[in-house]
Enquirer: 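I have a structure here, written as structure tokens, and I will follow up with some questions on it.
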There are 2 protein chains.
Amino acid sequence: MRPFIGTYENKVDQKGRVSVPAKFRAVLQAEGYASIVVRPDPERGCIEGYGMDRLERLSDMTPDIVNLGDPNAAPAYQILAESEELTFDPNGRVLIPAWMLEAAGISDSAVFVGLGRVFQIWNPAAHATFRATQLRPAAQARGTGA
Amino acid sequence: MRPFIGTYENKVDQKGRVSVPAKFRAVLQAEGYASIVVRPDPERGCIEGYGMDRLERLSDMTPDIVNLGDPNAAPAYQILAESEELTFDPNGRVLIPAWMLEAAGISDSAVFVGLGRVFQIWNPAAHATFRATQLRPAAQARGTGA
DNA sequence: CGCTTTCCCATGAGATACCATGCCTCGTCC
DNA sequence: GGACGAGGCATGGTATCTCATGGGAAAGCG
């Protein structure tokens with residue numbers, strides 16, 4: 001599978017519609033999917049996106065009889081319960097649910113960040129902060145400025 | 001098989017009718033079924049739902065004459081015995097038996113939770129409690145606040 | 001004959017598809 | 001090398017359709 005790469009900032013209109021970057025769409029359509037799957041990422045405060053194949057794999061790994069007493073089952077439960085499949089409209093846009101936009105603090109603009117097998121959707125300001133606090137120190141430790 | 005994903009809250013009217021989320025119906029109809037199969041889940045206090053294909057798989061695995069002494073047969077026996085098939089009305093609703101609603105504490109509203117191959121139907125308040133007590137601690141253990 | 005259950009219709013809200021516009025990028029021609 | 005032109009992509013608005021939900025009528029059962 002081709003990786004998701006690059007960073008793009010697109011507008012979010014009042015209905016919650018966003019254009020998925022064409023490069024990302026190309027990756028998914030090469031796999032035969034006309035949708036993205038998204039879920040909130042509470043650890044980082046953004047939205048995580050990927051293809052349906054990733055979710056189907058997770059579903060297949062989860063036993064028929066969900067044993068929620070198993071602590072290992074809780075993360076899978078949460079991912080499946082909180083994921084939503086968003087299909088592209090004819091122009092390549094998706095409608096992100098309002099509650100998910102709120103969870104990520106996204107209002108009128110969103111940043112798509114390719115991370116290989118998955119990608120993220122950020123509030124632009126939050127993403128800038130994340131880069132400054134989480135990524136730049138690591139880069140500086142390696143001796144690179146930015 | 002496409003997985004059941006996402007969380008939806010729908011109204012239960014005075015007759016016990018509930019709209020099955022359209023996304024869930026689409027999964028079942030892709031399999032050729034116009035119904036859901038439900039059974040009470042006494043361990044968690046909710047209703048468990050799935051497609052008839054799952055029951056057929058269980059039935060195939062179960063011997064003609066159920067040997068109740070076999071501990072492996074007991075879960076399949078119980079699931080088969082307690083399951084009810086609920087067919088969609090023309091609008092995509094099902095009529096949940098009153099006793100099952102009572103067992104799950106559901107009165108005027110129900111939460112559908114997709115879990116891949118199966119889904120759950122909860123009393124909204126009970127589901128909120130379940131998420132707070134069973135899922136959030138797991139997330140906090142990983143270092144996340146919410 | 002009354003009651004319960006099932007089917008059908010109507011309505012409003014929300015989501016989806018469609019159409020149109022402008023910008024930016026890339027390719028081509030002069 | 002610069003200007004022009006074409007195509008793709010992002011974006012905004014509008015129309016259509018699906019879905020969820022409530023009520024009512026008809027049929028089956030006790």
Side-chain angles (χ1 to χ4, degrees), chain A residues 2 4-30 33-38 47 49 52 83-102 106-114 119 121-124 127, chain B residues 2 4-30 33-36 38 47 49 84-102 106-114 119 121-124:
Chain A
R2 287 168 53 194
F4 299 109
I5 57 173
T7 301
Y8 309 87
E9 178 168 351
N10 286 342
K11 293 278 185 67
V12 181
D13 67 18
Q14 291 182 336
K15 301 179 184 177
R17 294 185 300 183
V18 199
S19 281
V20 176
K23 297 282 180 65
F24 289 10
R25 292 205 304 268
V27 172
L28 293 162
Q29 288 172 356
Y33 295 108
S35 67
I36 65 175
V37 181
V38 294
I47 296 172
M52 178 57 84
S83 289
E84 298 233 6
E85 181 178 14
L86 311 180
T87 56
F88 298 137
D89 76 2
N91 291 353
R93 284 182 290 194
V94 294
L95 182 70
I96 302 181
W99 65 268
M100 210 178 287
L101 289 175
E102 287 178 18
I106 297 171
S107 56
D108 61 343
S109 195
V111 173
F112 288 75
V113 183
F119 58 89
I121 309 175
W122 284 86
N123 170 305
H127 179 240
Chain B
R2 287 171 52 196
F4 299 108
I5 60 172
T7 302
Y8 309 88
E9 179 168 350
N10 286 342
K11 294 278 183 66
V12 181
D13 66 18
Q14 292 181 335
K15 303 177 184 178
R17 295 183 300 182
V18 199
S19 281
V20 177
K23 297 279 178 70
F24 289 10
R25 292 205 304 266
V27 172
L28 293 163
Q29 288 172 356
Y33 296 108
S35 67
I36 64 175
V38 293
I47 297 172
E84 297 223 9
E85 181 177 15
L86 311 180
T87 57
F88 298 137
D89 77 1
N91 290 356
R93 285 183 289 195
V94 294
L95 183 69
I96 301 181
W99 65 268
M100 209 178 285
L101 288 175
E102 287 178 19
I106 296 171
S107 56
D108 61 342
S109 197
V111 173
F112 288 74
V113 183
F119 58 89
I121 308 175
W122 284 86
N123 170 304

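For the numbers below, each heavy atom of this structure counts, side chains included, while hydrogens, waters and symmetry mates do not. Note on naming: letters A, B, ... go to the chains in the order of the sequence lines (proteins, then strands), and numbering restarts at 1 for each one.
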Enquirer: Bend across the helix from C/dC1-D/dG30 to C/dC30-D/dG1, to 10°, with axes taken over 5 pairs at each end?
Expert: 30°

Enquirer: How long is the gap from OG on B/Ser107 to CD on B/Glu102, to the nearest 0.5 Å?
Expert: 11.0 Å

Enquirer: Measure the CD1-CD distance between B/Ile36 and B/Glu84 for me, rounded to the nearest 0.5 Å.
Expert: 11.0 Å

Enquirer: Taking all non-hydrogen atoms of both residues into account, name the closest pair between A/Met100 and A/Val38 and its distance.
Expert: SD-CG2, 3.5 Å

Enquirer: How many whole angstroms separate atom CG of B/Asp108 from atom P of D/dT21?
Expert: 11 Å

Enquirer: Could you tell me which non-hydrogen atom of A/Val113 sits nearest to which non-hydrogen atom of A/His127, and how far apart they are?
Expert: CG2-NE2, 3.5 Å

Enquirer: Return the value, rounded to whole Å, for the distance between atom CD of A/Glu84 and atom P of C/dA15.
Expert: 10 Å

Enquirer: Can you name the atoms? Protein N/O to nucleotides 23-26 of chain C N/O, anything below 3.5 Å, with the distance.
Expert:
none

Enquirer: Give the minimum heavy-atom separation between B/Ser109 and B/Pro124, together with the two atoms involved.
Expert: O-CD, 3.2 Å

Enquirer: Can you pull out every salt bridge (Lys or Arg N to Asp or Glu O under 4.0 Å) where at least one residue sits in residues 85-97 of chain B? Sequence neighbours excluded, please.
Expert: B/Asp89-B/Arg93

Enquirer: Going through the checks in order, is the side chain to side chain contact (heavy atoms under 4.5 Å, CB included) test met by A/Val94 and A/Phe88?
Expert: CA-CA 5 Å; A/Val94 294; A/Phe88 298 137; 3.5 Å; yes

Enquirer: Please report, rounded to the nearest Å, how far the C1' atom of D/dT21 is from the CZ atom of B/Arg17.
Expert: 8 Å

Enquirer: Just the rounded figure in Å: distance from P of D/dG24 to CZ of B/Arg93.
Expert: 14 Å

Enquirer: Calculate, to the nearest 0.5 Å, the distance between atoms CD1 and CD1 belonging to A/Ile47 and A/Ile106 respectively.
Expert: 4.0 Å

Enquirer: Determine the minimum heavy-atom distance between B/Ile121 and B/Ala110, stating which atoms define it.
Expert: CG2-CB, 3.8 Å

Enquirer: Quick test: give all pairs of protein nitrogen or oxygen and nucleotides 18-20 of chain D nitrogen or oxygen below 3.5 Å, distance rounded to 0.1 Å.
Expert:
| from | atom 1 | to | atom 2 | distance (Å) |
| --- | --- | --- | --- | --- |
| D/dA20 | OP1 | B/Ala22 | N | 3.1 |
| D/dA20 | OP2 | B/Arg25 | NH1 | 3.0 |
| D/dA20 | OP2 | B/Arg25 | NH2 | 3.4 |

Enquirer: Please tabulate the protein-to-nucleotide N/O contacts below 3.5 Å involving nucleotides 27-30 of chain D, giving atom names and distances.
Expert:
none

Enquirer: Give, for atom CG of A/Asn123 and atom CG of A/Asp108, the distance between the pair rounded to the nearest 0.5 Å.
Expert: 8.5 Å

Enquirer: What is the separation between atom CG on A/Asp13 and atom P on C/dA15, rounded to the nearest whole Å?
Expert: 13 Å

Enquirer: Just the rounded figure in Å: distance from P of C/dA15 to CG of A/Leu95.
Expert: 6 Å

Enquirer: Determine the minimum heavy-atom distance between B/Leu86 and B/Pro97, stating which atoms define it.
Expert: CD2-CD, 4.0 Å

Enquirer: Would you tabulate the side-chain donor-acceptor contacts of residues 15-26 of chain A under 3.5 Å, counting partners in other chains and residues two or more places apart, or write 'none'?
Expert:
| from | atom 1 | to | atom 2 | distance (Å) |
| --- | --- | --- | --- | --- |
| A/Arg17 | NE | A/Asp13 | OD2 | 2.7 |
| A/Arg17 | NH2 | A/Asp13 | OD2 | 3.1 |
| A/Arg25 | NH1 | A/Val20 | O | 2.6 |
| A/Arg25 | NH1 | A/Gly92 | O | 3.4 |

Enquirer: Please report, rounded to the nearest Å, how far the P atom of C/dC9 is from the CG atom of B/Asp89.
Expert: 12 Å

Enquirer: Measure CZ/A/Phe88 against P/C/dA15 and give the value in whole Å, please.
Expert: 19 Å

